[in-house]
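Every chain is numbered from 1, with letters handed out A, B, ... down the list of sequences.
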Amino acid sequence: MVGIGDKLLGYATNPDVRNRGASGGLVTAVLAAALEKGMVEGVVVLKRIDEYEAIPVITDDVQEVLASGGSMHAVPVNLTKHAVGRKIAMPGKPCDVRGVIEQAKRNGVDLENTYIVGLNCGGSMHPVVTREMLIRMYEIDPEDVVGEEIEKGKLIFKTKDGEEKAISIDELEEAGYGRRENCRYCTIKIPTNADLACGNWGVIGELAGSATFCEVMNEKGKRLLDNAIEAGFIEVQPADEKSIAIRNKVNSAMLKLGDEWKGRLLTEIHDQERLTYYIEQFADCIDCGACREVCPVCTCGEDSKCTMFHSLADNYKMSMYHMVRLLHLSDSCIGCGQCSDICPVDIPVTTIFRRFADPAQKKRDYSPGMDLQRPPFLELMLK
Amino acid sequence: MAGTEWEPKIVAFCCNWCSYGGADTAGMGRFQQPSSLRIIRVMCSGRIDPMHVFNAFLEGADAVLVTGCHLGDCHYVNGNYKAQVRYQFLEEMVRELGLEPERLQLNWISASEGEKFANFIRDVTAQIKQLGPSPLKPEGVN
């Protein structure tokens, strides 16, 4: 039996799952056990498209869950739609989890029967940008890549001919490649808002690479882990002081780097030039509504206030559509970056939204999507 | 109209019970006030969505005023508290957008405060005349 708040090191008992998993296959085994024992009726797993991309799909087959282990690239997505009305378990990066929790606060989904296993995340890469980076910076054909690794701040790609090429991540990001912009200044690297917070930070010594550091965050996380241990899918042991210290050290180092990037990406614009900047950026908008469609925290549904202003007649000087969205999302924007990714005319939507949301959220000391207790801040202030 | 001074367009949201009455009293008491004002009557200041304010700016308003009953006097118990919460948030948004803070103002005016209403409008009009037309005003609208 594990307790809430326990910090554990664990791995899958099945050697095949353990080897395939990026760090011990704990998450895969926990999800499989939940499905096997009937705790949930489906599990969200990643389906690999190619080296650079994977999409989440829902499955009720234990073997498929076990076979899905391993590290894959997936940019954040709106996971809530999988959870509506179903009993499921899903893995998620901190931003994925925050999106689901913000939806739950607004009654978009009921989390009573949904189990979320959080995964540490230092940032994700956009598939298209990564391909471009391979051609320009690495001078490798993207189709030839068979594996990749991050070691000592360098991103290493392996080709099918057995060659390896390493370039430091700082250098890549300096050139505009590497992690997505919003990931560079993201402030949540360890998903303490999920039911279980898992990752390989803090796994050292002989267990390195074959065990997962796992923190039990709440009652649901405890149930998940207990179930997996009882079913014999995983083995756990308490993490020692050193592991915990290293995990915290990695986290704070990442956050410090994030602060630097934030200063560089969200540079102060002078009062007089700000309005011109926003007008110019939004002038490209073609009112496709894609940024609303992908937004993990938007709960309006089909008929929303913002899409009522798609007519050109409403957008004389500036897009009213975006102004309404700014008002709606400044309390809940989690900065996942999907709006920028999807924008067909490359408006830096996330950066603009963060410029509005950041000061507003900071002023009210509100971090969206971190817990279910705190209501959205406009509601809170009234009481 | 060549030669005449530019007159700003000011949109004021007035609540039915207090500030709209205040505007009435200002007229009845014959307090001089500029003709720059366009009043939109709402039943309560709590009805005002921040979206209405942004839309007014995009439609060519040089300033938007949010007015209502004094705190505690709301005819719908706490409508003006809701307006206040939204206003504080809206103020931050407008500032971040780069509009001058004078273009959005909040004032509590009761039905008997006709003179206060007239003075308020006069002050705002003077401020906006100094600032000039709103940068969000569409072309062709004066």
Side-chain angles (χ1 to χ4, degrees), chain A residues 266 268-282 300 304-309 311-333 351-364 366 375-383, chain B residues 9 11 44-64 66 68 71-72 74 76-104 106 131-142:
Chain A
L266 299 181
E268 186 80 29
I269 306 175
H270 199 261
D271 272 1
Q272 269 86 46
E273 289 150 23
R274 235 174 5 235
L275 190 67
T276 334
Y277 168 77
Y278 291 129
I279 289 177
E280 274 172 14
Q281 293 294 341
F282 284 138
C300 294
S304 52
K305 278 182 188 170
C306 54
T307 41
M308 290 190 324
F309 293 101
S311 159
L312 272 181
D314 293 318
N315 303 316
Y316 308 109
K317 266 285 167 75
M318 199 170 153
S319 166
M320 183 68 193
Y321 163 72
H322 282 290
M323 301 249 266
V324 176
R325 271 178 58 76
L326 279 171
L327 290 169
H328 262 189
L329 293 176
S330 287
D331 64 337
S332 58
C333 176
T351 318
I352 294 173
F353 272 62
R354 285 320 295 171
R355 282 181 190 278
F356 283 84
D358 231 37
Q361 289 172 2
K362 199 178 262 172
K363 188 176 166 193
R364 292 163 180 87
Y366 177 77
F377 65 61
L378 284 180
E379 216 171 287
L380 185 82
M381 280 163 64
L382 193 62
K383 284 172 191 164
Chain B
K9 269 194 182 131
V11 172
C44 176
S45 49
R47 173 68 186 90
I48 303 162
D49 190 321
M51 191 180 87
H52 297 150
V53 175
F54 270 173
N55 207 14
F57 278 124
L58 283 187
E59 301 267 347
D62 293 303
V64 178
V66 178
L71 289 176
C74 181
Y76 303 100
V77 186
N78 59 4
N80 49 5
Y81 283 101
K82 287 174 185 157
Q84 195 188 29
V85 167
R86 281 186 206 132
Y87 178 81
Q88 283 164 357
F89 173 66
L90 186 60
E91 207 180 16
E92 285 165 36
M93 295 289 112
V94 165
R95 204 173 307 132
E96 175 57 40
L97 200 63
L99 276 176
E100 295 88 346
E102 289 88 351
R103 294 196 191 275
L104 176 68
L106 173 81
L131 284 176
S134 155
L136 277 178
K137 196 192 271 285
E139 286 90 5
V141 177
N142 31 13

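When the side-chain contact (heavy atoms from CB on, under 4.5 Å) test is applied to Pro135(B), the partners found at least two apart in sequence or on another chain are Leu275(A), Leu99(B), Glu100(B), Arg103(B). Remark: Ser330(A) engages Phe356(A), Phe89(B), Met93(B) in a side-chain contact (heavy atoms from CB on, under 4.5 Å) (not counting sequence neighbours).
Annotation: the span from Glu96(B) atom CD to Arg274(A) atom CZ amounts to 5.0 Å, rounded to 0.5 Å.
Tyr277(A) does not touch chain B: none of its heavy atoms, backbone or side chain, sits under 4.5 Å away. For Glu139(B), the part sitting under 4.5 Å from any heavy atom of chain A is the side chain, from C-beta outward, and nothing else. Contacts between Ile352(A) and chain B at a heavy-atom distance below 4.5 Å are absent for every atom of the residue.
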Inset, instruction - Evaluate the criterion salt bridge (Lys or Arg N to Asp or Glu O under 4.0 Å) for residue pair Asp271(A) and Arg95(B); output intermediate values, then yes/no. - result: CA-CA 8 Å; Asp271(A) 272 1; Arg95(B) 204 173 307 132; over 6 Å; no
Inset, instruction - List the steps and the verdict of side chain to side chain contact (heavy atoms under 4.5 Å, CB included) for Val324(A) and Asn55(B). - result: CA-CA 9 Å; Val324(A) 176; Asn55(B) 207 14; over 6 Å; no
Inset, instruction - Please assess Met323(A) against Leu97(B) for the test side chain to side chain contact (heavy atoms under 4.5 Å, CB included), listing each intermediate value before the final yes or no. - result: CA-CA 10 Å; Met323(A) 301 249 266; Leu97(B) 200 63; 4.0 Å; yes
Legend entry - Stepwise salt bridge (Lys or Arg N to Asp or Glu O under 4.0 Å) check, Glu92(B) with Lys363(A): CA-CA 10 Å; Glu92(B) 285 165 36; Lys363(A) 188 176 166 193; 2.9 Å; yes
Inset, instruction - Could you walk me through whether Phe57(B) and Met318(A) pass the side chain to side chain contact (heavy atoms under 4.5 Å, CB included) test, one step at a time? - result: CA-CA 10 Å; Phe57(B) 278 124; Met318(A) 199 170 153; over 6 Å; no
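Checking side-chain atoms of Lys317(A) against main-chain N and O of Lys137(B) turns up a donor-acceptor pair under 3.5 Å.
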